[in-house]
Amino acid sequence: MSDADLRVPPGPGIPGGLVIPGGELRERFSRSSGPGGQGVNTTDSRTQLSFDVSATTALTESQRRRVLDRLSGRLVDGVLTVDASEHRSQRQNRSAARDRLAALLREALAPPPPPRRATRRTRGSQERRLAAKRERSSTKRARSRPRGDD
């Protein structure tokens, strides 16, 4: 594993973590519109990190399907792209983009939560709710103008 590799920390769905080879990541740098004053006009500090999910060898077939399904709205032709331009230095933006990509992959690889089991309200809770509604209704009724009995 080299410094260019991206480590995704262990989590649900990836108990041993995940290492994405640096060769499968593509970084592009451009001028940022964020903070930096005049330096923004001269330095390429904005970082764009791309990862081809559909062609990677770092994921198993089931993991690939899960990521493609979960991140389908963010993918363009199977490629996941993350931008970072909140820092003034290119090094910090590179780190931020890598962290963001790792967090996205970790979240996408987590198994879906168990389905919710429908439950019924207890009779006591229903009665308490209706009693509270009656009480509130009578309170509001008492606030109204008295009707004139002519």
Side-chain angles (χ1 to χ4, degrees), residues 1 5-22 24-37 40 45-150:
M1 186 175 92
D5 295 343
L6 176 69
R7 290 193 57 78
V8 179
I14 46 170
L18 183 67
V19 176
I20 298 173
E24 294 188 5
L25 300 172
R26 203 173 83 240
E27 289 180 319
R28 288 181 40 205
F29 305 103
S30 59
R31 292 195 178 150
S32 173
S33 62
V40 165
S45 61
R46 177 175 176 256
T47 302
Q48 225 179 16
L49 183 63
S50 299
F51 172 57
D52 192 350
V53 178
S54 59
T56 185
T57 58
L59 300 173
T60 65
E61 193 53 42
S62 62
Q63 288 175 330
R64 182 189 338 271
R65 277 196 308 273
R66 183 176 282 172
V67 171
L68 287 170
D69 182 48
R70 292 257 178 93
L71 298 177
S72 61
R74 289 195 60 134
L75 299 175
V76 177
D77 296 329
V79 177
L80 176 63
T81 303
V82 175
D83 289 346
S85 62
E86 61 265 18
H87 300 287
R88 291 177 64 158
S89 77
Q90 186 184 89
R91 184 176 51 79
Q92 286 178 309
N93 282 331
R94 285 180 75 185
S95 178
R98 288 173 158 270
D99 292 345
R100 210 169 288 157
L101 181 65
L104 271 172
L105 289 173
R106 187 168 185 243
E107 191 176 312
L109 287 168
R116 181 187 172 277
R117 288 190 10 219
T119 56
R120 288 180 59 174
R121 292 189 184 115
T122 63
R123 183 180 293 165
S125 72
Q126 286 179 338
E127 289 172 1
R128 284 189 299 273
R129 180 177 150 271
L130 293 174
K133 284 174 67 119
R134 280 192 293 271
E135 183 68 30
R136 185 79 179 140
S137 173
S138 67
T139 301
K140 288 189 170 194
R141 203 174 317 117
R143 289 184 195 149
S144 66
R145 283 192 164 186
R147 297 171 92 188
D149 293 326
D150 293 339

Heavy atoms only: give me the nearest V8-A102 pair and the separation to one decimal. CG1-O, 3.7 Å
Pair F51-L105, side chain to side chain contact (heavy atoms under 4.5 Å, CB included): steps then yes or no: CA-CA 10 Å; F51 172 57; L105 289 173; 4.1 Å; yes
Which distance, rounded to the nearest 0.5 Å, do you find between the CD1 of I20 and the CG of L59? 6.0 Å
Closer than 3.5 angstrom, by distance alone: can the side chain of R70 be matched with the main-chain N or O of A110 as a donor-acceptor pair? yes
Around atom CZ of R143, are there more than 12 heavy atoms of other residues, nucleotides or ligands at under 6.0 Å? yes
Do you know the tightest heavy-atom contact between D5 and G22? OD1-N, 2.7 Å
Atom of I14, atom of P9 and distance for their closest heavy-atom approach: CD1-O, 3.6 Å
Would you indicate whether the side-chain heavy atoms of V53 and L71 approach each other to under 4.5 Å? no
For Q92, look at atom CD and say whether over 12 heavy atoms of other residues, nucleotides or ligands are found less than 6.0 Å away. yes
When you compare the side chain of Q90 with that of E27, does any pair of heavy atoms fall below 4.5 Å? no
Nearest 0.5 Å please: distance from the OG atom of S125 over to the CG atom of L130. 9.5 Å
Give a yes or no answer on whether the side chain of R66 reaches the backbone of L109 with a donor-acceptor pair at less than 3.5 Å. yes
Hey, is the main chain of R141 close enough, under 3.5 Å, to the side chain of S144 for a donor-acceptor pair? yes
Give the minimum heavy-atom separation between S50 and V79, together with the two atoms involved. CB-CG1, 3.9 Å
When you compare the side chain of R26 with that of T81, does any pair of heavy atoms fall below 4.5 Å? no
Straight-line distance of L104 CG to D99 CG, nearest 0.5 Å: 11.5 Å
Between the main-chain N or O of P10 and the side-chain N or O of R106, is there a donor-acceptor pair closer than 3.5 Å? yes
Could you tell me whether a side-chain N or O of R100 sits under 3.5 Å from a main-chain N or O of D83, the two making a donor and an acceptor? yes
R128 side, atom CZ; T122 side, atom OG1 - distance, nearest 0.5 Å: 5.5 Å
Taking atom CG of L80 and atom CG of L49, what is their separation to the nearest 0.5 Å? 8.5 Å
Heavy atoms only: give me the nearest T47-R94 pair and the separation to one decimal. OG1-N, 3.6 Å
Heavy-atom closest pair (E24 atom, T57 atom, distance to 0.1 Å) is OE2-OG1, 2.7 Å
CD (E135) with more than 12 external heavy atoms under 6.0 Å: no
Using a 3.5 Å distance criterion without hydrogens, assess whether the side chain of R64 forms a donor-acceptor pair with backbone atoms of T56. yes
Can you tell me how far apart CZ (R46) and CZ (R28) are? Round to the nearest 0.5 Å. 8.0 Å
